[in-house]
Amino acid sequence: MPKAKETGAASAPAKKTAGRRSYRSYGKIKPAPGKSKAEPKPIKVSFLGGLNEVGKNMTLFEYGEDMFLVDCGLAFPDQDMLGVDLVLPDFTYVERNADRIRGIVITHGHEDHIGGLPYLLKVLNVPVYGTKLTIGLIQGKLREHGLLNSASLNVIKPGDVITLGGFTVEAIHVNHSIPDALGLAIRCEGGTIVHTGDFKIDTTPIDGGMMDLGRLAEIGQEGVLCLMSDSTNAERPGFTESERKVGESFETLFRKAGNNRIIVATFSSNIHRVQQIMNVAASLGRKVALVGRSLENVVSISAELGYLNIPEGIVIDINMINRYPADKLVIITTGSQGEPMSALTRMAMNSHKKVVITPNDFIIISANPIPGNEKHVTRVVNELMRSGAEVIYEDVHVSGHACQEELKLIHALTKPKFFIPVHGEYKHLVKHAQIAYSMGMPESNVIIGSIGDVIETDGVSMKIVTQVPSGRVMVDGLGVGDVGSIVLRDRKHLAQDGLIIVVIGIERTANLIVSGPDIISRGFVYVRESEELMEEARQILLDTLQHCSAQELKEWGTLKNKLRDVLSDYIYGKTKRSPMILPIIMEV
C-alpha cells in the first residue's frame, strides 16, 4: 500500500499550502499570510449533505477567499430508487469554486463520510486529510478508481493543527463505532467553530483512548462561536453504552452456542466488534472465517495498519470451513441490515456458494436495523429460522452515536454562542435543538438547516443567507448523474404497471401501413392468458390507423400520441391499469 504523507503538507501552489502542528504549542490564532487583522469577515457554512437525512455528509466552510470541505460521503439508495447503486452529494457548487478549495478534512472512515471522495477527486484534486485508518480506507477506494497515484493524501492525528488558507483546523480524538474518529476545532479570524463529527463518549473504549473531553473544555474556555454536533441519537435519553458491553454479550452467547457453528453478522467497518469476536473465538478455540468483500477489505487494511490484532492462526479461508467441525468455527459476515445482495441474505435464501444454513447454526445479528431496513432484516431472520437455525437479533449491539446526556455534556463543555444540529433526519435535528434550549440557549441562536442552506455568522448574529445547488446525484453502473427524477419516474412506472410496445411498419413513399400493429407486453399481462384483450386492443389500433388521414400518417410524432392515447383509454377501461405504452414506427 503506498504510504500517505505524514507531514500534513500538501503539494500545492503557495496560496494553498497547508501545515500541521500540535495544539500543545498552539497559542493565540495568528492571521494567515496575507490576511488583514482588521474587520473580520463573516464565516459561511454551506451544507451539501447530512442534514434532514442520514448519509452523504458534506459541509463547505468559507472565510474570505478560502474554502475547505469536511467529509465527502455517500448514501445508499431508497427503495424507490430502482436500479441505483449509490447516491452522492451534488458537487456543482464545489466545482464552481474549485480554485478556492484548500483541502478536504475527513472525520472518520465510514462510507457516509468517505464514499463520495473518488467521484469528487476525479473533478477536483485537492489535498485530503484524515487519520491513519481513515486514509488507509480511502487509499483502497482510490485504488479501485485508478486515482491513488494522483491523490494528495495526508495523515494527521489527534492534536495536530493544519492550515487551510485563512483557516486552521485542529483534530480532536472522539469515540465512535470505527477507530481513529475525529472532531474538529475550526478557527479563523471570525471565530472558532467546533464540529464534533460522529461521536459518543465511551469511558471504556476498546482501543483504550477515551474522547478528549479535556481539550473540548479548554476550547470552550477560549471561546466557541458555534457548535455543530451529531444529532443521530438525540431522541434517546441517557448515555450510549460502551462497546465493551457487546464483548460481554459475545462471551455469554458463544458459550450458549455449545457445539453449534456460530455466525455473526455485523457492520464491516466496526473494527472494535470484529476484534471482540476474534478475541472470544480464540479463547474458546474456534477458527474465524470472513465472508463479504467489504469486510475482508476493512479487516485487511485494519490489520496492516495495526488497528486490528488478529490472534495468530485464527483466520481461515472461507473455502476451508468444511474441514473443521461446527464447534470449532465462527463465521463473521456482512448483511446485518438485510441488504438484498449481502452474504447473510444469500445464506438465508440458500443461494450462498460457500455457506449453507442448517439447524446446527447459532446466528447472532449484531446491529440494530437502520430506519427503513426493518422489513429487510425481519425477512432475513424469518428465512434463517425456517432453516432451523437459532437466531439472536436483540440486545447484541450498542450505538456509535451520543445520546441526550452526552450531547448535553458537549454543550456544557464548549459553551457555544450559536448552535447548528447536524447529522440526522429533521426529527433528530429538532430534538437536538430542544436540548440546546433546555440548557439555556436562546432560540434565536439555533438554526435547523436543510441541504443547500448557506448559514452565515458575523459573530453577532447567525442566519440563513442563501441557497446553493444541492441534492442527490445518483450512480448507476458507470453512469454518474445520468439517472434523474424523470428516469426514476419511468422505472417506477414500469415496475408498477408494466410496458406495452406497439410496432407498426409504414412504407414512407406510398404512405401505406405494410405491417402491424403488433403488440408486445412486458410486466402488464401474460399474453397467452389474455389473448382476447390483446386482440381487441390490436383491432382498436388498426381501426385508428385506418381512419388516419395521409397527413397524419406522415406526422409520426402526432401519430404516436394518437395511438398511445387510444390504447391507454382502452386498457384503463378494461383493467383499471396504466401501463407505459411505447409506439414504435418502422420505415419500410
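We use all heavy atoms of the structure for the numbers below, so side chains are in, but hydrogens, waters and symmetry mates are not. Small disclaimer: the values here were computed from a predicted structure and weren't measured.
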How long is the gap from [atom1] on [X] to [atom2] on [Y], to the nearest 0.5 Å?
| X | Y | atom1 | atom2 | value |
| --- | --- | --- | --- | --- |
| I101 | F68 | CD1 | CZ | 10.0 Å |
| I331 | I321 | CD1 | CD1 | 4.5 Å |
| K287 | D317 | NZ | CG | 13.5 Å |
| I104 | C72 | CD1 | SG | 6.0 Å |
| S268 | R293 | OG | CZ | 11.0 Å |
| N154 | D160 | CG | CG | 11.0 Å |

Query - Worked check of salt bridge (Lys or Arg N to Asp or Glu O under 4.0 Å) between K245 and E248 - result: CA-CA 5 Å; K245 178 178 180 289; E248 295 167 5; over 6 Å; no
Examine the side chains of [X] and [Y] and answer whether a donor and an acceptor come within less than 3.5 Å of each other.
| X | Y | answer |
| --- | --- | --- |
| H411 | H432 | yes |
| D202 | S242 | yes |
| T107 | D71 | yes |
| R244 | H272 | no |
| H176 | K200 | no |
| S249 | T252 | no |
| H110 | S269 | yes |
| H113 | N57 | yes |

If I compare all heavy atoms of [X] with all of [Y], which pair ends up nearest, and what's the gap?
| X | Y | answer |
| --- | --- | --- |
| L133 | S302 | CD1-OG, 3.7 Å |
| N297 | E144 | ND2-OE2, 4.3 Å |
| C403 | E406 | N-OE1, 2.9 Å |
| A389 | I357 | CB-CG2, 3.8 Å |
| N233 | S399 | ND2-OG, 2.9 Å |
| K141 | G115 | CE-CA, 4.1 Å |

Query raised in the report: Would one find more than 12 heavy atoms of other residues, nucleotides or ligands at under 6.0 Å from atom OH of Y393?
Result: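 Not buried by this count: 12 neighbours or fewer within 6.0 Å.
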Query raised in the report: Has R286 got more than 12 heavy atoms of other residues, nucleotides or ligands less than 6.0 Å from its CZ?
Result: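 Counting neighbours around CZ of R286, more than 12 heavy atoms of other residues, nucleotides or ligands fall under 6.0 Å, so yes.
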Query raised in the report: Hey, which of L305, I135, V155, T131 is the one that makes side-chain contact (heavy atoms from CB on, under 4.5 Å) with D180?
Result: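 The option that passes is T131.
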**Report entry** Partner of L227 under side-chain contact (heavy atoms from CB on, under 4.5 Å), chosen from V422, L413, T196
**Finding:**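 The side-chain contact (heavy atoms from CB on, under 4.5 Å) with L227 is passed solely by T196 among V422, L413, T196.
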Distance-only, no hydrogens or angles: does the [X] side chain make a donor-acceptor pair with backbone N or O of [Y] under 3.5 Å?
| X | Y | result |
| --- | --- | --- |
| D230 | T232 | yes |
| N260 | D327 | no |
| T358 | N360 | yes |
| E111 | A75 | no |

Is [X] salt-bridged to [Y], going by a charged N under 4.0 Å from an acidic O?
| X | Y | result |
| --- | --- | --- |
| E251 | K256 | no |
| E222 | R187 | yes |
| E170 | K157 | no |

Query raised in the report: Which is it for H397 and R273 under the side chain to side chain donor-acceptor pair (under 3.5 Å) test, yes or no, and what are the steps along the way?
Result: CA-CA 9 Å; H397 176 69; R273 196 148 309 167; 2.6 Å; yes
Query raised in the report: I410 and L216: side-chain contact (heavy atoms from CB on, under 4.5 Å), yes or no, with the steps?
Result: CA-CA 8 Å; I410 299 302; L216 283 174; 3.8 Å; yes
Requested in this report: Evaluate the criterion side-chain contact (heavy atoms from CB on, under 4.5 Å) for residue pair I365 and V396; output intermediate values, then yes/no.
Outcome: CA-CA 7 Å; I365 300 180; V396 201; over 6 Å; no
